[in-house]
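The block underneath contains the structure these notes are about, expressed in structure tokens.
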Amino acid sequence: MPKLHISKEELIELYINQKQSLNTISKKFNCHVNTIRKRLNEYNIPIRSKGESLRTNFESKLGVSLTVEKIMEKINEGMFIYEVAEFFGVNRKSITKRLKEAGIELAQLESHQK
């Protein structure tokens, strides 16, 4: 089988600039996802971590980045953490993890943890 040719510029555009997933790109070129992964490695294009990929996928579906500021805005509006999670369509643990990463102690938000 001939080697699939995908230019470095094309991969940078699709994977880096457009933030398309490996799966989406592999479907576009009608090849296996591992072929795309190999080309990224050959061109020294860093592959996103699983967490980063999930976040990118979530943000593209939601159309907004889930920032601590947006979470705190909803909490300050009187929402509980579980309500914020429902609002953004994520698990409650995703919300608490973002808050902890930002150094916000959940004890400070104890009334919002239901």
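Just so it is clear, the structure is predicted and the values come from calculations on it, not from any experiment.
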Query raised in the report: To the nearest 0.5 Å, how far apart are OH in Tyr43 and CD1 in Ile6?
Result: 7.5 Å
**Report entry** Glu86 CD to Phe80 CZ distance, which is reported to the nearest 0.5 Å
**Finding:** 12.0 Å
Query raised in the report: How long is the span from the CD1 atom in Ile95 to the CD atom in Glu83, to the nearest 0.5 Å?
Result: 12.0 Å
Query raised in the report: Phe29 ring centre to Arg39 NZ or CZ under 6.0 Å, with the angle to the axis within 45°?
Result: no
Requested in this report: Taking all heavy atoms of Val84 and all of Lys74, pick out the closest pair and write down the distance.
Outcome: CG2-CB, 3.7 Å
**Report entry** Spacing of Lys27 atom NZ and Ile36 atom CD1 [to the nearest 0.5 Å]
**Finding:** 12.5 Å
**Report entry** Check: Asn91 main-chain N/O paired with Tyr82 side-chain donor or acceptor under 3.5 Å
**Finding:** no
Query raised in the report: How far does OG1 of Thr24 sit from CD of Gln18, to the nearest 0.5 angstrom?
Result: 10.5 Å
Requested in this report: Please confirm whether the backbone N or O of Ile16 pairs with a side-chain atom of Arg48, one donor and one acceptor, at under 3.5 Å?
Outcome: no
Query raised in the report: Could Lys70 and Phe88 be counted as a cation-pi pair, given that NZ or CZ must be under 6.0 Å from the ring centre and within 45° of the axis?
Result: no
Query - Separation of Ile81 CD1 from Ser94 OG (nearest 0.5 Å) - result: 12.0 Å
Requested in this report: Check each of Glu73, Met79, Glu77, Met72 against Ile75 using the side-chain contact (heavy atoms from CB on, under 4.5 Å) test, and report the only one that passes.
Outcome: Met72
Query raised in the report: Got a sec: does the CG of Asn34 have more than 12 other heavy atoms crowding it under 6.0 Å?
Result: yes
Report task. Could you go through the side chain to side chain contact (heavy atoms under 4.5 Å, CB included) check for Leu11 and Lys8 one step at a time? Result -> CA-CA 5 Å; Leu11 273 180; Lys8 180 176 184 175; 5.8 Å; no
Query raised in the report: Got Ile25 and Val33 here, is their nearest side-chain heavy-atom distance under 4.5 Å?
Result: no
